[in-house]
Amino acid sequence: MIRQTDLIEKIKSYDPEADEDAINRAYVYAMQKHGNQMRASGDLYISHPIEVAYKLTQYKLDTASIITALLHDTVEDTDATLDEIETLFGEEIRQLVDGVTKLNRLEIKSESNKQAENFRKLVVAMSRDLRVLLVKLADRLHNMETLDHIPKPEKRQRIARETLEIYAALAERIGMRRIKEELQDLAFKELFPEARESLVKRMDFLRKSGQNQVQKVEEILRDLVEGAGIKGARVYGREKKPFSIWKKMESKGIGFEQLADIVAFRVVVTTVSECYLALGLIHEKYHTIPGHLRIIFPRPRSTVISRFILP
Ligand code: MN
């Protein structure tokens with residue numbers, strides 16, 4: 001279990017001004033309230049809110065979010081009240097804890113599963129403060145990580161489906177890509193373990209046989225744009241995740257071998273003309289796939305997407 005001092009140290013590392021005293025008080029309060037309650041895993045319940053708080057430190061969230069994470073299940077699952085929380089931690093924390101508690105109740109009521117889009121809208125409307133949603137996403141992530149301890153397969157699968165339809169989708173919408181990918185992967189593991197296993201193996205094989213050399217191509221692209229005098233360009237390469245590969249295979253009805261894009265690169269430049277210059281250079285160097293050039297022009301950023309074949 002993560003210790004109080006580890007949590008404080010982690011927060012202080014990115015926010016030296018963090019209210020250590022308040023965080024310590026919340027830690028102790030949650031610990032006293034949850035008392036001997038247990039998780040399905042056999043761990044003490046308190047380990048859960050602490051894990052959720054710790055996850056949020058990875059996103060460098062503020063003191064109020066961390067405190068909310070520590071308290072997020074106290075109103076629902078113990079004799080703690082919002083009034084008591086307001087007296088001890090102030091009005092802001094009350095509002096945040098109230099928001100997360102309402103989202104939890106919403107989840108229980110919607111077990112019959114309403115339309116996913118309506119449900120997502122409701123969640124967004126109820127988390128007027130984005131921090132409520134962030135705490136909820138970290139909560140769901142930890143619950144997914146410990147999903148194995150839930151004995152009933154139907155229940156595990158329901159939670160996994162809901163994670164995909166609601167929470168991974170919301171994480172994507174607010175730009176939390178890492179949480180989205182982690183949620184998708186954990187849900188994938190529960191719902192389609194064999195498909196996931198086989199994709200993970202194929203990706204490992206490609207990586208080991210040097211066939212998707214993300215780093216190498218990244219360097220080539222970087223040299224290319226820098227060589228053309230484009231200053232301050234950023235180049236990122238990444239390997240697609242098993243879940244998104246699988247989704248594409250499913251939606252297009254194709255096999256892994258026919259899948260064109262296992263790796264993706266992003267070249268970020270400052271002006272539109274540099275963008276087309278970089279595109280021209282890449283097209284000169286690699287074989288592009290006809291019919292796969294897309295130009296999107298939302299302000300303030302324009303995006304050009306092109307597919308090409310790696311050597
Ligand atoms: Mn929780």
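Counting starts at 1 for both ligands and their atoms, in listed order. In this chain, residues are counted from 1 in sequence order. Everything numeric in this text was worked out from a predicted model, so none of it was measured.
- The aromatic rings of Phe243 and Phe188 lie perpendicular to each other, with more than 60° between the two planes, well past the 30° mark.
- Using a distance-only test at 3.5 Å, with no hydrogens or angles considered, no donor-acceptor pair links the side chain of Glu162 to the main chain of Arg158.
- For CZ of Arg238, the number of neighbouring non-hydrogen atoms (other residues, nucleotides, ligands) closer than 6.0 Å is greater than 12.
- Below the 2.8 Å limit, the Mn ion (ligand 1) has as protein N, O or S neighbours His48 NE2, His72 NE2, Asp73 OD2, Asp139 OD1.
- The two residues Phe265 and Gly237 make their nearest non-hydrogen contact at CD2-CA, 3.4 Å.
- For the pair Arg39 and Tyr45, the cation sits on the ring face: its NZ or CZ lies under 6.0 Å from the ring centre, inside 45° of the axis.
- Around NE2 of His149, the count of heavy atoms belonging to other residues, nucleotides or ligands within 6.0 Å exceeds 12.
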